[in-house]
Number of protein chains: 2
Amino acid sequence: MPAGAAPFTAAEYARRLALTRAEMARRGIELMFVTDPSNQAWLTGYDGWSFYVHQGVLLPMQGDPIWWGRYMDSVGAGRTCWMETTHIHGYADNYVQSTERHPMQDLAGHIRRLGLETARIGVEMENYYYSAKAHAVLAQELPNAELVDATALVNWQRIVKSEEELGFIRKAARISEKVITTAVEKAEPGLRKNELVAEIYHAALTGVGEDWGDYPAIVPLTPSGLDATAAHLTWNGEKMRAGEATFFELSGCYRRYHAPLCRTVYLGTPPDEMRAAEVAQMEGIEAGLNAARAGNRTCDIANAFMDALRRHGIKREGRAGYPVGLSYPPDWGERTASIRTEDQTVLQPGMVFHFMPALWMDSWGLETTETILIREDGAAEALCNVPRKLFVKG
Amino acid sequence: MPAGAAPFTAAEYARRLALTRAEMARRGIELMFVTDPSNQAWLTGYDGWSFYVHQGVLLPMQGDPIWWGRYMDSVGAGRTCWMETTHIHGYADNYVQSTERHPMQDLAGHIRRLGLETARIGVEMENYYYSAKAHAVLAQELPNAELVDATALVNWQRIVKSEEELGFIRKAARISEKVITTAVEKAEPGLRKNELVAEIYHAALTGVGEDWGDYPAIVPLTPSGLDATAAHLTWNGEKMRAGEATFFELSGCYRRYHAPLCRTVYLGTPPDEMRAAEVAQMEGIEAGLNAARAGNRTCDIANAFMDALRRHGIKREGRAGYPVGLSYPPDWGERTASIRTEDQTVLQPGMVFHFMPALWMDSWGLETTETILIREDGAAEALCNVPRKLFVKG
């Protein structure tokens, strides 16, 4: 696999570098050290489950980016990045989880060799893969550099998707449709939850036609009954029961791109209050989609949704969505804008959000969500085509 | 689900608190702020896919630990932790991924209310879930506290497993056997790799008998051919081919406990050099198991393994294993001891390691590994029972 095995065209990567460097220039940043695996992949194509050790991408203002990581993973970098292998650097294995050495010492050496040890360097202070220790060691190693917080600098460049990226997200959406449909069809009293999740994974990974399924950045969430009043419990071996609601928070994944989708199934006859909430939720979703237009703001979506709920006597606070696209665990959100009342992000064509108008009540949860695309004109497009309702079985 | 739904006995959690507090006392630490999800679960039972937002456990020297996280996840904490809900605190949703507020501001308020704002506080500087930003904000909020690096303080208390924990790991081992056997049986030329991984997940999650499968902390790694020269590439939609080796790096998971296991399958007739490497690797594994005795050190295992390889003319460097047990993504290792030549950890009965004597060569990879238990007497016990060899098919 020669350099260039990354999934997108050279023009697409050039677009990404140009966007990122324009923002670096605006902030006077001469070098970015990118640790977010999604940002690394977006810039270079790097793809591997190696983010549990220190690694990252060095992006100076000129020349190709440099992928840097554990030596054994530099082989994988050579097989997945578009850059020549001269731009891939591995550090020795005795830096890994050592109490005597730290990989940032090795990284600092590369920065010195680039002549950038006194530069203004952007680091992602708020990221899973840039630890407090990593920052402390890098600052110590480069006393004359100016390390500035560039959290989400790259993430913000990702928020408007290219046509190539939308192609990937639409493939993920086809897989999401299959996965949710499988979950709804299989759900029945007596089925153990882990067996249901096994079917969900099987549907997700076999994919649709030629489009194979990748691992979603969040595992399937499928809580029932009182567990569904909590937001993020994973499955267990309990049997599904009549008289309980179960929500499915799932996403297909095509080559790291996601299109999350949630639906809720009730086994039996749902209580009136859940039916009433369903009506309110559907109205809220319609209102939100209608407000999700280019030129409007993220808060307009949240307000339209919550206003509709309020008309039905339901008070709902908190976030109701976030941008999605390329992601690695532990989160499929992009961590930039939020669909919430205080967020002022202006909507642009090509933005993709997981619009997440879930309701977690005292004794049940009702999740019905859509991955939506902001269009040139008109209301947002829901990218998945699955009936938008509370599914009732039996 | 009342307080006490955590998977272990009260005595087991008391044991864990006592061990952790003894080490805190030794280091003069009055309060631990524990962010590693595995450490949180080990101390409190907390289990949820919510580690993508800031959360943690406050452990003072007296009283029950306090789980702290996003408000919507405090519901899940109430359902999975053994403490009373008075010891569960949630912060408001407008702290989540905000550029104006940071959750550590809320945490600092709790520390002040505990009267510990001038205490010596242990934080996990080297952890995915304690960002550089989180540390900076906490330090700013608590100017009179002494924040000290207590990375792996709790992890080290986990290295010797209790009988209750060994029971969980043995269940995971049964699932690992099933998963590896499934992978080897299904592998054949023409099978798409994503379809194979779908079968692997299905086997893992359906579990064995009553013992349901949980999600492993690392996704299945199943690279073939040249991709198997790299360590951590995930699957794609390519077909398996005759004349290629594929390694399977997998783990069953029972309620967050792991027993990783790797085997390699060759479709066709393996080249002589791979057969020769197999002989060397098997000798190396035997030598390693024999050296893995209580009273010996981790380096003794590594040296015994590498000496055996050397006798066969194979030079192998780097880490050859790590402790395993309770884990969350992105790593199933415990990040304490390493099986490598420079590590001096003394082996004790009840320690469990993934002994990882993998060989990554120029044109193929050969992974054959075991999860091993250090016993009172004698060589280590391999916890999984799958033939230890290169599998050859067709």
Side-chain angles (χ1 to χ4, degrees), chain A residues 1 47-52 72-73 75-76 79-80 93-94 96-97 123 125-136 149 151 192 194-195 197-198 201-202 205-207 210 212-215 218-219 221 226-227 229-234 236-237 317-319 329-331 335 338 342 360, chain B residues 1 47-52 72-73 75-76 79-80 93-94 96-97 123 125-136 149 151 192 194-195 197-198 201-202 205-207 210 212-215 218-219 221 226-227 229-234 236-237 317-319 329-331 335 338 342 360:
Chain A
M1 195 186 282
D47 185 23
W49 189 287
S50 56
F51 34 81
Y52 66 90
M72 73 163 62
D73 295 317
V75 183
R79 296 185 66 71
T80 59
D93 220 51
N94 63 2
V96 175
Q97 296 169 19
V123 294
M125 293 285 286
E126 186 69 283
N127 192 271
Y128 315 108
Y129 302 105
Y130 188 67
S131 68
K133 177 82 174 182
H135 183 65
D149 188 1
T151 299
R192 295 180 78 193
N194 61 307
E195 290 171 359
V197 177
Y201 261 111
H202 199 274
L205 301 188
T206 49
E210 281 302 299
W212 54 276
D214 208 344
Y215 59 91
I218 301 179
V219 296
L221 300 176
L226 281 176
D227 279 344
T229 63
H232 297 113
L233 295 181
T234 52
N236 57 26
E317 293 180 333
R319 221 157 63 127
D331 190 11
R335 297 185 301 283
S338 288
E342 67 190 52
W360 296 286
Chain B
M1 194 185 285
D47 186 23
W49 189 287
S50 56
F51 33 83
Y52 66 90
M72 72 163 65
D73 295 316
V75 182
R79 296 184 67 71
T80 59
D93 220 51
N94 62 2
V96 175
Q97 295 170 20
V123 293
M125 293 284 287
E126 187 68 284
N127 193 270
Y128 315 107
Y129 302 105
Y130 187 68
S131 68
K133 177 83 173 182
H135 183 64
D149 187 3
T151 299
R192 296 180 78 194
N194 63 305
E195 290 171 359
V197 177
Y201 262 112
H202 198 275
L205 301 188
T206 48
E210 281 303 299
W212 55 277
D214 207 344
Y215 60 92
I218 300 179
V219 296
L221 300 176
L226 281 175
D227 279 345
T229 64
H232 297 113
L233 295 181
T234 52
N236 57 27
E317 293 178 333
R319 222 159 59 129
D331 191 9
R335 298 186 300 284
S338 288
E342 66 190 54
W360 297 286

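Keep in mind that this is a model prediction, so the values were computed, not measured. Chain A is the first sequence line, chain B the second, and so forth, proteins listed ahead of strands; every chain is numbered from 1.
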With a 4.5 angstrom heavy-atom cut-off, could you sort out which part of E342(B) is near chain A: side chain, backbone, both or neither? side chain
Chain A heavy atoms under 4.5 Å from E210(B): which part of the residue, side chain, backbone, both or neither? both
Could you look at W49(B) and say if it's the side chain, the backbone, both or neither that has a heavy atom under 4.5 Å from chain A? both
Flag the one option from T229(B), I218(B), L221(B), V197(B) with the top tally of heavy-atom pairs under 4.5 Å to chain A. I218(B)
If we define contacts as heavy-atom pairs under 4.5 Å, which of G207(B), G237(B), P329(B) has the most with chain A? G237(B)
Evaluate the criterion side-chain contact (heavy atoms from CB on, under 4.5 Å) for residue pair Y201(B) and V219(B); output intermediate values, then yes/no. CA-CA 9 Å; Y201(B) 262 112; V219(B) 296; 3.4 Å; yes
Who pairs with R319(B) by salt bridge (charged side-chain N to carboxylate O under 4.0 Å, His left out), at least two apart in sequence or on another chain? none
Tell me, out of G48(B), G213(B), P330(B), who's got the most heavy-atom pairs with chain A below 4.5 Å. P330(B)
Can you tell me which of A132(A), A230(A), A231(A), A198(A) forms the most heavy-atom pairs within a distance under 4.5 Å of chain B? A132(A)
Spacing of NE2 belonging to H232(B) relative to CZ belonging to F51(A), to within rounding of 0.5 Å: 10.5 Å
Approximate separation, where rounding is to 0.5 Å, of N127(B) CG and T151(B) OG1: 7.5 Å
Rounded to the nearest 0.5 Å, how far apart are NE2 of H135(B) and CE of M125(A)? 9.0 Å
Could you measure the distance from the CG atom of D93(B) to the CD atom of E317(A)? Nearest 0.5 Å is fine. 9.0 Å
For chain A, which candidate among D214(B), L233(B), N194(B) shows the most heavy-atom pairs at distances under 4.5 Å? N194(B)
To the nearest 0.5 Å, what is the distance between CE (M72(A)) and CH2 (W360(B))? 3.5 Å
When the 4.5 angstrom heavy-atom criterion is applied to D73(B) and chain A, the contacting part is side chain
